[in-house]
Structures are given as structure tokens and as C-alpha cells.
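Below is one structure, written out as C-alpha cells; comments come after it.
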There are 2 protein chains.
Amino acid sequence: MQYFCVPALDEIDHLLLGLVQVDAARPLHELGDAVGLSPSAVQRRLLRLRTAGVIRAQVALVDPAAVGAALTAVALVALVDDDADHHAAFRDTMLAEPEVQQCFSIVGQWDYVVVLVTADLAANRALSRRLFADAPAVRRYETLPAYEAVKSGLTVPLPAAERR
Amino acid sequence: MQYFCVPALDEIDHLLLGLVQVDAARPLHELGDAVGLSPSAVQRRLLRLRTAGVIRAQVALVDPAAVGAALTAVALVALVDDDADHHAAFRDTMLAEPEVQQCFSIVGQWDYVVVLVTADLAANRALSRRLFADAPAVRRYETLPAYEAVKSGLTVPLPAAERR
DNA sequence: GCGGGCACGCAAAAATATTGCACGGCGGCC
DNA sequence: GGCCGCCGTGCAATATTTTTGCGTGCCCGC
């Protein structure tokens, strides 16, 4: 958003990102050994990456099933028209709902793809109804419940890190 | 998968999960203050949650745009039939590709929803071709490039945490 | 060839995480 | 009803990790 100046990530930065993206709890000296740098150098790089917005957050990944969120579903949504207010309102709703895990505005006959995480089909139905069926801005929607999450990885592919 | 015994998460556990899900770098005494527990009690609870598999990992969230992964796309994929081998092979491919951020097997006319993150449309095209067009198991696929990631939140909604 | 800025390593200091231990509540069992 | 063992807690000591200050070397521009 407002990081103008991503100051030329070098190869070591990419390596570090690849590492912390998998496990952010490792001590600095381990990361340092892995990339051939001292702990303090690693620390300063990570700080720079954080303040530059390259590292946006450091979070714990919780197993949805363990907290009673067993059902993932993908919803395709089309709004009634391309009115900017409608879109803004829809986005605000998506951002405000904790069950909405992801939301993309997309090209094509649908306007949005939304990933919903709920306890079960009943909860999903109630949520879909509330978010989509009852929303005047929504023209049409389709819910695709997931049998299974083959991959819910959250890591971003790092072109430079792969190369070597 | 193999945590049989998620040993009855109580309300404090839910609060902790809600906190570390947003920011896993906070010191224990802060978490302790937030939930009304001593740092060591918090530490032991988090350890228990980690070993029980409730907390699966602790990762850094990297801004895709900052590492040259500017394009997110959603692909809908249908396989040629419900042969188990085909499905297994497809899943293995999805798991192995770093550009595949998420993959769900879903109900309905499509078999899978796949979230792809690539540098640009050209890269996406090349990847789609390699993963889907050239795969004999894939009958049909459709790519929906994203204009924008409205929400790429990665947190799981916690029923108990919301209640209060 | 000569500064100036930048990133580094090292070491001291501060903060944080971990572990041992004793206490108190709770449930099962005489 | 009372007793015993278990579990989770807080506190304090210890170990580890992070942060910071400082001096050095390198590279770029002048």
C-alpha cells in the first residue's frame, strides 16, 4: 500500500523471507547460520523488511478443525452492477466478517471469490444467506463447499529463493 | 489429522489463539496481561496448543507484491473422471508447486479450486498451461485472475473469542 | 585518491523464554 | 465426610534470545 521504497531486496533477503515464511519462531542465530550472517545483521534486515511492509505480520496458524471451524467453502458472487458504492459496501462487509478468510475481486462473469470458514453446512448456509442472499447489492451467488483442504498454505512463492 | 485429544480448549485458550493469530510476536507477559494469567502459564498453554496441533506453525506473512508476485488468480478445475489415481496425482502436483497457495476439493461441477500467485499474467498463463492444460487428468479448467485482493486474511474465526 | 554512507561483526546490556518448585483447587475413592 | 492424587497456577532462578552501541571495512560518488 504505502511502501514506496522497497529498497532492492537482495538474495539474502529472499532467503530470509523464505525461512521466516515457514517458521518465524527460529532464533536469529539460526537464521544467521542459514544465510551466513551474524544474528544482529539478520535482526536489522528483518526489522527493515518489517518496517518496509515486506513482512506484514507474524502470526500463528491455527488448525480450523481444532476450533470447530470444520467447513471451508468457496463462494462466487456477482453484484447487481458496477456501482462503486455497492462494491465498497460489499468489501467492507467482507473485511468485517471473521468467517471470511479471503476475498478477491476477479475478472469474468463473477465479481468476487470469497473463501468462507464455518463450523458446518448449517452455519455456512446461515452465513451465506446473511452475507449474500440478504444483501441487495448481490445479484447472484454460488457456494462451493469443500470436501477437503488439499493445501491451505499461506506462503508466498519467492522467485529468487527458488532459483538456487 | 492425528490429534485425537484436543484436550478441551477452554475460554482462555480461545482468547490466546485469537491473540497469537493476529500477532505471534508479542511477549508472554503481554499475553498474560490480556488474558489474566502469568507469563509462564501462558507459555505452557501455548506449548500445549502447539504440541496438540492446534497451533500448526508460526509464520511471517510476506507481501506478495513486494517479492514480485503481483498477480493472484483463482482457477476452477475439473478432472477427466473420479479415478483415485488422477486425484492423488493432481493433489501431489498442487502440494509441490510453490505458486499454488491454496487448493480445495469441492462439491459441484468443478473438482478443485486453486489459488495461484504469480508475477504477472504471462507467468500465470505459463503456469496454468503446465499445471492444467498439459495434465492429462484435467478435463477442463477456467482461470479467474484477480483485480485485487480485498482480503487475504489468514486467520481462522474463533467462535468462542467472538462471543465476548 | 578521498570522504561519506552503509552494512557488517562483536560485545555488552536488556528483554524474554524456560524450568524447578511449592501451593491450592478439584474430582475420585475409600 | 474426609483423604489422596492430579492438574494448573504463580513465583523465582536460570538460560536463551533480542536489542543496542561501537568500531571496521567496503563501495560509490566526487
Side-chain angles (χ1 to χ4, degrees), chain A residues 3-63 66-68 158-161 163-164, chain B residues 3-63 66-68 158-161 163-164:
Chain A
Y3 44 79
F4 322 0
C5 196
V6 181
L9 306 189
D10 65 9
E11 191 177 336
I12 292 184
D13 288 321
H14 284 294
L15 285 172
L16 282 176
L17 288 175
L19 291 169
V20 296
Q21 206 171 221
V22 172
D23 181 4
R26 293 172 68 177
L28 296 174
H29 69 83
E30 271 190 41
L31 298 175
D33 289 346
V35 304
L37 235 49
S38 75
S40 42
V42 173
Q43 204 269 351
R44 280 185 272 251
R45 274 172 184 264
L46 290 177
L47 181 65
R48 190 166 57 87
L49 292 171
R50 271 194 293 265
T51 58
V54 177
I55 293 178
R56 285 207 289 214
Q58 195 174 132
V59 304
L61 263 36
V62 176
D63 187 332
V67 294
L158 299 174
R163 264 185 234 131
R164 39 183 42 237
Chain B
Y3 44 78
F4 321 2
C5 198
V6 182
L9 305 190
D10 65 10
E11 189 178 336
I12 292 183
D13 288 321
H14 284 294
L15 286 173
L16 282 177
L17 289 175
L19 291 170
V20 296
Q21 206 172 222
V22 172
D23 181 3
R26 293 173 66 177
L28 296 174
H29 69 83
E30 271 190 38
L31 299 174
D33 289 347
V35 305
L37 234 48
S38 76
S40 43
V42 172
Q43 204 268 351
R44 279 186 270 253
R45 274 173 183 263
L46 290 178
L47 181 66
R48 189 167 58 85
L49 292 170
R50 271 193 294 265
T51 59
V54 177
I55 293 178
R56 285 206 290 210
Q58 196 174 128
V59 303
L61 264 35
V62 175
D63 186 331
V67 294
L158 298 174
R163 264 185 235 133
R164 44 179 35 234

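Quantities reported herein were computed from a predicted structural model and do not represent experimental measurements. Throughout, protein chains are lettered first and strands after them, A, B, ... in sequence-line order, and every chain is numbered starting at 1. The basis for the numbers below is simple: all heavy atoms, side chains too, and nothing from hydrogens, waters or symmetry mates.
Listed pair B/Gln43 / C/dT18 meets the phosphate criterion, a side-chain N or O lying under 4.0 Å from OP1 or OP2.
Residues B/Leu37 and B/Arg45 come closest through the heavy atom pair CD2-NE, 3.4 Å. Annotation for B/Val35 and B/Leu19: closest pair CG1-CD1, 4.0 Å, computed over non-hydrogen atoms.
Distances were taken from every side-chain heavy atom of A/Ala41 (C-beta onward) to each of D/dT19, C/dC8, D/dT9; the shortest belongs to C/dC8. For A/Arg44, whose side chain is taken as the heavy atoms from C-beta onward, the closest listed nucleotide among D/dT19, C/dC8, C/dC21 is C/dC8. With D/dT9, C/dG9, C/dA7 as the candidates, the nucleotide lying closest to the side chain of A/Arg45 is C/dA7.
We find that CG of A/Leu9 is positioned 15 Å from C1' of C/dA7, with the value rounded to whole Å. D/dG10 atom C1' lies 13 Å from atom CD1 of B/Ile12, rounded to whole Å.
Between A/Leu47 and B/Ser38, the one whose closest nucleotide on DNA chain D sits nearer the 5' end is B/Ser38.
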With side-chain contact (heavy atoms from CB on, under 4.5 Å) as the test, would you mind laying out the steps for A/Val54 and A/Asp13 before giving the verdict?
-> CA-CA 10 Å; A/Val54 177; A/Asp13 288 321; over 6 Å; no

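Of all the residues in residues 25-37 of chain B, B/Leu37 reach under 4.0 Å from DNA chain D with at least one non-hydrogen atom.
Between B/Asp33 and B/Arg26 there is no salt bridge, since none of the side-chain N atoms of the basic residue sits less than 4.0 Å from a carboxylate O of the acidic one.
With sequence neighbours excluded, the residues that form a side-chain contact (heavy atoms from CB on, under 4.5 Å) with B/Ala25 are A/Gln58, B/Asp23.
A donor-acceptor contact under 3.5 angstrom links the side-chain atoms of B/Ser40 to the base of D/dC11.
Test B/Leu49, B/Ile55, B/Leu15 against B/Val20 for side chain to side chain contact (heavy atoms under 4.5 Å, CB included) and you get one pass: B/Ile55.
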